[in-house]
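Contents: one structure, followed by commentary.
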Amino acid sequence: MKNKKLIASVAALAVAATAALSGCGNGANETAGNYSQVNFPVSEDVTLKVWAVNTHMVVKNMKDMGCYQEITKNTGVKFDFVSPVAGQTTEQFNIMIASGEYPDIIEQFQNRYKGGFVKAWNDNVILELSDLVKKCAPNLSALYKKYPQLEHAASNAEGQMFAVPMMRGGSILRTYTGPAVRADYLKKFNISAPETIDDWHNMLTTFKSNGIEYPFTATKSYFNFPVFVGAYGVGKSFYNDNGAVKFGPIENGYKEYVKTMAQWYKEGLIDSEILTNDQKIADSKIMNGGAGAFIGTTGNSIGGYLQEMKSKNPDFDLQPVKYAVLNSGEVNRFVQRDDIVQTVNGSVITTACEHPDIAMAVLDYGFSKEGHMALNFGVEGESYTMEDGYPKYTDLIMHNPDGLNVSKAGSLYARSFTYMTGVQDSKYGEQFYGNPRQQESTKVWASSVDAINANNPTVYATLTPERTDEISSSLNEINTYVSEKFAKWMMGTEDIDAGFDEYVDQIKKMGIEKILDYYQEAQDKYFEKYPDMKHQTDIEVSDIFWQE
């Protein structure tokens, strides 16, 4: 029977339901005082204006999605979504901010506002939410109480919170980018799946000698993933090494990585157009049989290619393989691995919001069982049915009669198919990644998760707005210089052995040491406040919604 509680506390957390939605703040940028009771459904006519990207554009206004119809029915709060025109997101966001006319809630705010959360708060654009969370978000507060790591990840070193986050509910949702090879080619040429850099070289050489035009290909963006550079113990950019912040492109391991790529490029093992390939070109090279290995994603690459080639070439098969290492048995800890807590994909409440208490309560509703089901699965009986306690998407989603793919069909009803403020459920991922090869990829690419947790390469450092402004120009120049030199070294127009020391000296002259000092100071401050974030543990957050 469907739960009709207005706000259902998460049973697994044993939160007292009587605490729900009482004593919520209602003043702009307040952190204490002047609180009012909020009960769902609200007695007054409240419409929250939300700025959000309408990714798939299958509905004219996102308020028409099944999940928001359900949320409005249960809370009485209405929604009016304002979405930028496709391709003009940054421009229209900046225009909105410059106008001073803000909506009540803005999604995906953090990386769009120059200077980040603290600057926006200082500029009186957004609210600081820690007090509102305590008083108006019983479900989220209970989750934070059970797993302090999640609260710390959502907070800065001063203990401030500026966003209600998105959370990746399970491991299957956190690692979705990595290397894959043509499994049918491995079988045809009697090759084992590569593990070490030498294994990769031998495999790619075999592909080339057997007429494979592009032994290895990717787009420039995917080539930037640390599939190979991580084998040399360094990251592509800033990384944390047991508490020390480092910049990979000036480390000796980076030099060895570039020399390897230059050798492969010279031998014709790397697609000569890899630094200019767009996704459409890379797709064509992979599906027409010209590519033997590539870097891609679980969804669009592994799933998309296999689906596309199913009828065209029954032999076409893909095998996800581990990120490369130098020696057998080692681990590459630089794999793509999303943080559980993603404030960047969450929601902020602006200073223009007349009902921040209701706004927070509605965002918290997404962390209740009832709200969680709506955001992840939509409307029971339409977009999903419960089968032996499992929320199974219907054929309306999985085999849409109008020919919509799963992402677009799912986005008629649920936010889980793009991003969301709430916990993205692993049971969504299990169905969206329905092909066994897709599910295999999430496990293979994340096989070094223990090493990641023990020495997480993520840099936990939020610079002050002043320091961000101070270093932004230098950092842009450094990144441009690194990119230009990498291209010249890999393509052989310059010799890395002759020029690497000079290159490092130049980056130091451009201010990398000061930047590293700033990041180190900020990270030390963060770890001093939250020492548990130094060595993290995996949390299957969405499991709490399925515990008896």
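Atom set for the values below is all heavy atoms of this structure, side chains included, hydrogens, waters and symmetry mates excluded.
Between the side chain of N156 and the main chain of G159, a donor-acceptor pair closer than 3.5 Å is present. One N or O on the side chain of S542 and one on the backbone of S426 form a donor-acceptor pair closer than 3.5 Å. Remark: side-chain polar atoms of N74 are paired, donor with acceptor, to backbone N or O of E70 under 3.5 angstrom. No donor-acceptor pair under 3.5 Å is formed between the side chain of D339 and the backbone N or O of Q342. A donor-acceptor pair under 3.5 Å is formed between the side chain of N400 and the backbone N or O of L396. Side-chain N or O atoms of Q149 include none that pairs as donor or acceptor with a backbone N or O of Q536 at under 3.5 Å. Here the side chain of T217 pairs no donor or acceptor atom with the backbone of A282 at under 3.5 angstrom. The main-chain N or O of T537 is never found under 3.5 Å from a side-chain atom of N453 such that the two would form a donor-acceptor pair. A donor-acceptor pair is defined here as one N or O able to donate and one able to accept, closer than 3.5 Å; no such pair exists between the side chain of Q110 and the backbone of F117. With D364 contributing its side chain and V133 its backbone, the two residues share no donor-acceptor pair below 3.5 Å.
Of the N and O atoms on the side chains of E370 and Y365, at least one donor lies less than 3.5 Å from an acceptor on the other residue. Side-chain polar atoms of Y390 and E430 form a donor-acceptor pair below 3.5 angstrom. A side-chain donor-acceptor contact under 3.5 Å links D283 and Y305. For the residue pair S347 and T421, a side-chain donor N or O sits within less than 3.5 Å of a side-chain acceptor on the partner. T442 and T298 are not linked by any side-chain donor-acceptor pair at a separation below 3.5 angstrom, with hydrogens and angles left out of the test. Side-chain atoms of S407 and N405 form no donor-acceptor pair, as typed in the model, at a separation below 3.5 Å. Side-chain N/O atoms of N277 and K285 include a donor and acceptor closer than 3.5 Å.
The NZ atom of K146 lies 15.0 Å from the OG atom of S141; values are rounded to the nearest 0.5 Å. Considering CD1 of I105 and CD1 of I126, their distance stands at 13.0 Å, rounded to 0.5 Å. One finds the CG atom of N313 at 12.0 Å from the CE atom of M287 (value rounded to the nearest 0.5 Å). We find the CD-CZ distance between Q108 and F93 to be 10.5 Å, quoted to the nearest 0.5 Å. Distance check: H355 NE2 to E44 CD gives 5.0 Å after rounding to the nearest 0.5 Å. With values rounded to the nearest 0.5 angstrom, Q69 atom CD is found 9.5 Å from K73 atom NZ.
Remark: aromatic rings of F81 and Y68 are close, center separation under 6.0 Å. In summary, the aromatic rings of F109 and W51 are positioned with their centroids too far apart to meet the 6.0 Å limit.
Ring-plane geometry between F377 and Y393 is classed as tilted, the angle between the planes lying from 30 to 60 degrees on a 0 to 90 degree scale. Ring planes of Y530 and Y526: perpendicular class, angle over 60° (limits at 30 and 60°). Ring geometry for W121 versus F162: interplanar angle of 30 to 60°, hence tilted.
Annotation for N94: atom CG counts as buried by contact number, over 12 foreign heavy atoms lying within 6.0 Å. No more than 12 heavy atoms of other residues, nucleotides or ligands sit less than 6.0 Å from atom NZ of K220. No more than 12 heavy atoms of other residues, nucleotides or ligands shown are found within 6.0 angstrom of NZ on K322. In this structure, Q307 places its CD atom where only 12 or fewer heavy-atom neighbours from other residues, nucleotides or ligands lie under 6.0 Å away.
A salt bridge does not link K443 with E440: every distance from a Lys NZ or Arg NE/NH1/NH2 to an Asp or Glu carboxylate oxygen is 4.0 Å or more.
Remark: K534 is not positioned above the aromatic ring of Y460, lacking an NZ or CZ atom under 6.0 angstrom from the ring centre and at most 45 degrees off the axis. Cation-pi check for R415 over F417 is not met; the charged atom does not lie both under 6.0 angstrom from the ring centroid and within 45 degrees of its normal.
When all heavy atoms of V53 and M62 are compared, the pair lying nearest together is O-SD, 3.8 Å. Of all the heavy atoms in Q431 and M398, the pair that sits closest is O-CE, 3.5 Å.
Listed by first and then second residue, the side chain to side chain donor-acceptor pair (under 3.5 Å) pairs involving residues 162-178 are R168-D338, R168-Q424, S171-R337, R174-D538, T175-R337, Y176-D338 (not counting sequence neighbours).
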Between K78 and D45, is a salt bridge (Lys or Arg N to Asp or Glu O under 4.0 Å) present by the stated rule, with each step listed? CA-CA 8 Å; K78 301 173 186 175; D45 186 9; 3.3 Å; yes
